[in-house]
Amino acid sequence: MKSNRIKVAHVLQSVGGVDVYLRLVTENIDAANVENIIIHQKGESKKKYLNSYGEEIKQFFIPIQREISLFKDIMAVYKTIKILKNEKPDVLHAHSAKGGIIARAASIFFRINVLHTPHAYSYLSAKSPLKRKLFLFLERVFRKFNSILLATSESERIRGVKEVGYSNKRALKFNNSIIPLDAFGNSPHLDLPNKYICTVGRPSYQKNIEMMINVIKKVKDQIPDVYLVIMGVGQYSPNRDNIVELIKELNLDNNVILINWIEREKILAIIKNSLFYISTSRYEGLPYSIIESLALSKACVVTECDGNRDLVKDNYNGYIVENSNHLLMAKKIIELYKNDKLRKKFEENSSELFKNNYNLNFNIRYLEDIYKEYSK
């Protein structure tokens, strides 16, 4: 006898923000109404996946990886087809570029809808114009494979319509959201300066930490004791060595603090005790670190890109600066650093934005409704 629950199969590489998204969804969506299963690469996450009852979620393993590998990708599609045939989910939820391709390729053998969440479109990460065109072409092709866009932000949804070619009817949005941090406890002991600004982002093309370091150099000219704390400088940081060298070259060793991987509680503690949060990203989906900053009532200074522009309203809860405009970003950081009254106003507005738009306790119901609507 078939269960009345909607069965959702998630196909993904369970790393980084995608893993955070998946856990927030599976742990908070009502397990009485939705059963989740996970199809991903073995060994990607050592922590168990749980549903809202605290029960372990069933996992299946395929050779899914970020890099293009014809043999492994075909094998991943084949194994996904076998899993879908046995498990008979009601809807697929595909995450990021590779998860989206594998899930949608496998879906052509079934009458099933695929909700595709890009988590920032992969073609935006391509430095080469040729690669960018190729990745965008693939997104346009696979859009036709039973695909409904389920964007993490309005900016991402609009990009899916204008550039990838989804119709408005098949372009949905479910904002990245978190549980409120009102009950967040006292900070653990952290050996940091009394006054600092902070960011979370591995040194990479996407996060553009090089711009951030150059901006801090300009801020230092007016605020010699400015401190920037950069979290997330771990093993998956392709530009780490460049950043370390740039910090030395600009004589910022005493102004920039690099922190490797630490527990989420410590990250939140650092954000909570900062003056404000900054981001120099070239592109985003809807960044959790900024959502957490809003939940912790922090003003933000960010670059103008997808995701950032959804979370920060210029001159309301922070400032938005054109990407690569080092001088203007330095000016806004200095202004916010020195103006306590303005910063307080922005902090209050950040808190309101979070409560009204990014509270998972309310938003998870929208996702359940979407699953219900697009299940067969």
Side-chain angles (χ1 to χ4, degrees), residues 12 15-22 24-25 95-97 99-100 115-126 132 135-136 139 149-164 166 171-178 198-209 211-212 230-232 267 271 276-296 298-325 329 332 346 349-350 353-354 356-360 363 366-367:
L12 72 159
V15 294
V18 181
D19 184 62
V20 173
Y21 178 104
L22 179 63
L24 284 168
V25 166
H95 304 264
S96 296
L115 298 164
H116 180 221
T117 300
H119 300 281
Y121 275 110
S122 63
Y123 66 85
L124 297 173
S125 69
R132 185 184 176 100
F135 293 163
L136 178 55
E139 287 292 348
L149 172 63
L150 182 56
T152 59
S153 68
E154 181 62 15
S155 293
E156 188 170 75
R157 193 194 72 81
I158 291 171
R159 188 175 294 278
V161 171
K162 290 185 175 180
E163 295 184 1
V164 181
Y166 283 96
L172 314 176
K173 178 188 70 170
F174 169 67
N175 280 335
N176 278 357
S177 305
I178 63 171
C198 73
T199 193
V200 179
R202 63 194 182 99
S204 60
Y205 176 78
Q206 177 187 3
K207 302 299 182 180
N208 196 11
I209 303 297
M211 174 182 173
M212 192 177 293
I230 303 177
M231 294 168 276
I267 291 174
I271 295 174
F276 52 91
Y277 187 92
I278 66 174
S279 165
T280 49
S281 290
R282 288 186 167 97
Y283 64 93
E284 292 283 358
L286 197 70
Y288 280 109
S289 56
I290 298 183
I291 298 173
E292 289 165 345
S293 298
L294 302 189
L296 293 168
K298 290 297 166 183
C300 304
V301 181
V302 304
T303 43
E304 205 279 332
C305 69
D306 289 359
N308 283 1
R309 75 170 70 92
D310 296 85
L311 296 168
V312 180
K313 307 302 178 187
D314 194 47
N315 208 35
Y316 177 74
N317 67 319
Y319 292 118
I320 296 182
V321 179
E322 183 183 359
N323 215 312
S324 80
N325 195 334
M329 188 161 198
K332 295 301 184 182
F346 285 175
N349 292 340
S350 281
L353 273 175
F354 171 76
N356 293 333
N357 298 283
Y358 308 107
N359 184 338
L360 187 61
N363 290 354
Y366 304 145
L367 183 60

Any donor-acceptor pair under 3.5 Å linking the side chain of S153 with the backbone of E156? yes

Would you check if the side chain of N323 reaches a backbone N or O of S281 as a donor-acceptor pair within less than 3.5 Å? yes

Report the C-alpha separation of R159 and Y283 in whole Å, then their side-chain angles, then the decisive distance to 0.1 Å, and conclude whether the side-chain contact (heavy atoms from CB on, under 4.5 Å) test is met. CA-CA 12 Å; R159 188 175 294 278; Y283 64 93; over 6 Å; no

Going by atom types alone, do T280 and N208 pair a side-chain donor with an acceptor below 3.5 Å? no

Any side-chain heavy atom of V164 within less than 4.5 Å of one from L149? no

E292 and I178: CA distance, side-chain angles, deciding distance, side-chain contact (heavy atoms from CB on, under 4.5 Å) verdict: CA-CA 8 Å; E292 289 165 345; I178 63 171; 3.7 Å; yes

Where is the tightest heavy-atom contact between L311 and L353, given as atom of each residue plus distance? O-CD1, 3.7 Å

Heavy-atom side-chain proximity of M329 to V301 below 4.5 angstrom: yes

Quick one: closest heavy-atom pair of F135 and A126, and the distance? CD1-CB, 4.1 Å

Supply the atom-to-atom distance D306 CG to S155 OG, rounded to the nearest 0.5 angstrom. 4.5 Å

Is there a side-chain contact between V18 and Y21 in this structure, where contact means two heavy atoms from C-beta onward sitting under 4.5 Å apart? no

Do the non-hydrogen side-chain atoms of F174 and T117 ever get within less than 4.5 Å of each other? no

Report the distance from atom CG of N357 to atom CG of D310, rounding to the nearest 0.5 Å. 9.5 Å

Would E154 and R157 pass as an ion pair if we require N to O under 4.0 Å? yes

Where do H116 and E139 land on the side-chain contact (heavy atoms from CB on, under 4.5 Å) test, with the steps shown first? CA-CA 10 Å; H116 180 221; E139 287 292 348; 3.6 Å; yes

Shortest non-hydrogen contact between S289 and Y277, atoms and distance: OG-OH, 2.8 Å

Using the six-membered ring of Y319, assess whether NZ or CZ of K332 lies under 6.0 Å from its centre and within 45 degrees of the ring axis. yes

To the nearest 0.5 Å, atom CG of L367 lies from atom CG of N175 at 11.5 Å

Anything under 30° is parallel, anything over 60° is perpendicular, the rest tilted; go ahead and classify H119 against H95. parallel

Between E163 and Y123, do the side chains contain an N or O donor and an N or O acceptor separated by less than 3.5 Å? yes

Heavy-atom pair of closest approach, residues S279 and I290: CB-CD1, 4.2 Å

For the backbone of Y288 and the side chain of N176, can you confirm whether one donor and one acceptor N or O come within less than 3.5 Å of each other? no

Where do G201 and I209 come nearest, in terms of heavy atoms and distance? O-CD1, 3.9 Å

Please round to the nearest 0.5 Å and tell me the distance separating atom CE of M231 and atom OG1 of T199. 7.0 Å

Which distance, rounded to the nearest 0.5 Å, do you find between the CE of M211 and the CD1 of I278? 9.0 Å

How many angstroms lie between CD1 in I320 and CG in D314, if you round to the nearest 0.5 Å? 5.5 Å

Would Y358 and L286 count as a side-chain contact (heavy atoms from CB on, under 4.5 Å) if you check the C-alpha gap in whole Å, the side-chain angles of each, and the deciding distance to 0.1 Å? CA-CA 10 Å; Y358 308 107; L286 197 70; 3.8 Å; yes

Non-hydrogen atoms of N308 and E284 that approach each other most closely: OD1-CG, 3.9 Å

